Amino acid sequence: MSEQIFELKGNLFTLSVLHLFSADTALLSKQLDEKIAQAPKFFAGAPIVINLSDVQDEALDFSFLKSMLSGLSLNPVGVCNGSQEQNESAKAAGLSVLNYSQDVKGATAKQQTNTSIVEKTVHLPAQVIHGTVRSGQQVYAKDRDLIVIGAVSHGAEVISDGNVHIYGTLRGRAIAGAKGYNEANIFCQKLEAELVSINGSYWISDSLQGEHWGSAVQIQQKNDSLEISALVKG
């Protein structure tokens with residue numbers, strides 16, 4: 001008997017969900033292109049699931065849709081919440097049909113799974129960077145927090161499976177909870193970011209330029225979105 005050289009088991013991966021509100025693929029292509037242009041490195045190669053719940057009565061050319069998304073450097077892997085006819089057409093185009101819902105039970109299960117990840121990682125020592133993370137650089141703290149004692153420049157990217165602490169100005173991109181830790185936080189002394197993301201939820205610069213722009217902040221995920229608050233609450 002030969003030695004088994006693989007293991008096949010279930011696991012949890014973070015997938016981005018493209019929720020369609022219209023079957024107008026030409027308009028979709030235009031709007032997606034504009035969105036991706038705001039943070040191209042963040043979206044490059046991102047695995048995408050297409051949520052069809054609001055277009056179940058519409059006819060879609062899934063071969064064209066798949067080709068269009070691939071042309072935008074996305075990675076379409078499947079569809080969810082479609083009609084039986086849509087599911088068959090999607091499978092014929094080489095897309096998987098996935099089960100996806102946002103019910104409380106599913107959210108609880110996800111939270112429990114994420115918690116198990118945290119229990120593995122929170123005891124690891126943080127990765128500490130002394131000095132500025134410069135444009136074009138990427139720092140990834142695997143299974144631990146990341147601390148930057150300095151700034152993160154425009155065009156730089158810091159990624160952590162845990163929390164991100166920046167004791168300086170955040171001008172580039174900061175991604176926390178990269179493996180699905182929904183209780184991760186981003187802390188920075190001055191917010192001027194191109195993009196911030198926690199557990200797949202993200203905001204780009206235009207969305208960040210509110211009352212906390214230029215201030216010391218804490219960023220966390222709440223109800224599948226992001227919440228920004230003052231780092232020091234008086």
Side-chain angles (χ1 to χ4, degrees), residues 1-19 40-53 62-63 65-129 137-147 157-164 173-185 197-202 221 224:
M1 180 181 293
S2 61
E3 180 183 359
Q4 184 170 332
I5 61 171
F6 71 91
E7 179 182 35
L8 184 63
K9 64 180 182 178
N11 209 323
L12 176 69
F13 293 93
T14 300
L15 300 174
S16 296
V17 178
L18 175 63
H19 194 149
K41 290 185 178 180
F42 181 76
F43 292 102
I48 297 291
V49 175
I50 306 161
N51 189 341
L52 304 170
S53 59
F62 287 99
S63 293
L65 184 58
K66 180 181 178 182
S67 176
M68 182 265 287
L69 293 174
S70 298
L72 293 172
S73 297
L74 300 173
N75 181 18
V77 297
V79 301
C80 63
N81 298 330
S83 66
Q84 183 63 35
E85 183 177 352
Q86 287 175 331
N87 289 344
E88 293 300 324
S89 296
K91 286 190 286 187
L95 294 168
S96 298
V97 176
L98 307 176
N99 292 322
Y100 171 80
S101 64
Q102 294 177 308
D103 57 17
V104 173
K105 182 178 179 181
T108 302
K110 180 180 178 183
Q111 185 177 21
Q112 290 172 344
T113 305
N114 289 337
T115 301
S116 68
I117 295 172
V118 179
E119 291 172 352
K120 284 179 59 180
T121 62
V122 292
H123 300 297
L124 293 177
Q127 181 173 337
V128 182
I129 302 297
Q137 290 184 310
Q138 183 189 77
V139 177
Y140 172 38
K142 179 178 173 60
D143 295 334
R144 66 192 68 208
D145 287 0
L146 175 64
I147 299 173
E157 186 172 70
V158 291
I159 306 171
S160 170
D161 292 335
N163 302 296
V164 173
R173 298 178 294 275
I175 300 168
K179 281 188 176 178
Y181 177 25
N182 62 351
E183 294 184 11
N185 288 265
S197 173
I198 297 175
N199 186 28
S201 299
Y202 67 91
Q221 187 182 52
D224 293 325

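Note that the coordinates shown come from a computational prediction; the quantities given were computed from them, not determined experimentally. For this chain, numbers begin at 1 and follow the sequence in order.
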Going from SG on Cys80 to CG on Leu52, what distance comes out if it is rounded to the nearest 0.5 angstrom?
6.5 Å

Under the side chain to side chain contact (heavy atoms under 4.5 Å, CB included) test, which residues partner Ser96, sequence neighbours left out?
Leu98

Heavy-atom donor-acceptor pair, Asn163 side chain to Asp145 backbone, under 3.5 Å
no

With rounding to the nearest 0.5 angstrom, report the NZ to CG distance, Lys179 to Asn199.
13.5 Å

Does a sphere of radius 6.0 Å around CD in Gln138 hold more than 12 heavy atoms from other residues, nucleotides or ligands, not counting ones at 6.0 Å or beyond?
yes

Can you list everything that forms a side-chain hydrogen bond (donor to acceptor under 3.5 Å, both in side chains) with Ser201? Sequence neighbours excluded, please.
Gln221

Distance-only donor-acceptor pairs under 3.5 Å for side chains of residues 65-75, two or more places apart:
from	atom 1	to	atom 2	distance (Å)
Lys66	NZ	Ala93	O	3.2
Ser70	OG	Lys66	O	3.0

If the condition is side-chain hydrogen bond (donor to acceptor under 3.5 Å, both in side chains), which residues does Asn185 pass it with, not counting sequence neighbours?
Gln218

Is Asp161 reaching over with its side chain to a backbone N or O of Asp143, donor-acceptor style, under 3.5 angstrom?
yes

If we only count heavy atoms from C-beta on, is the Asn182 to Ile198 side-chain gap below 4.5 Å?
no

Mind checking what makes ring-ring contact (aromatic ring centres under 6.0 Å, His included) contact with Phe62, not counting sequence neighbours?
none

Restricting to side-chain hydrogen bond (donor to acceptor under 3.5 Å, both in side chains), what partner residues turn up for Gln137, sequence neighbours left out?
none

Counting C-beta onward and ignoring hydrogens, is there a side-chain heavy-atom pair between Ile175 and Val164 closer than 4.5 Å?
no

I need the minimum non-hydrogen distance between Leu95 and Pro76, along with the two atoms involved.
CD2-O, 3.7 Å

For Glu88, what residues pass the salt bridge (charged side-chain N to carboxylate O under 4.0 Å, His left out) criterion, not counting sequence neighbours?
Lys91

Side chain to side chain contact (heavy atoms under 4.5 Å, CB included) against Val139, all qualifying residues, sequence neighbours excluded:
Gln127, Ile129, Val133, Leu146, Val158

Please report the shortest heavy-atom distance between Gly162 and Ala176, naming the atom on each side.
O-CB, 3.4 Å

Please check: side-chain N/O of Ser160 versus main-chain N/O of Ala178, any donor-acceptor pairing under 3.5 Å?
no

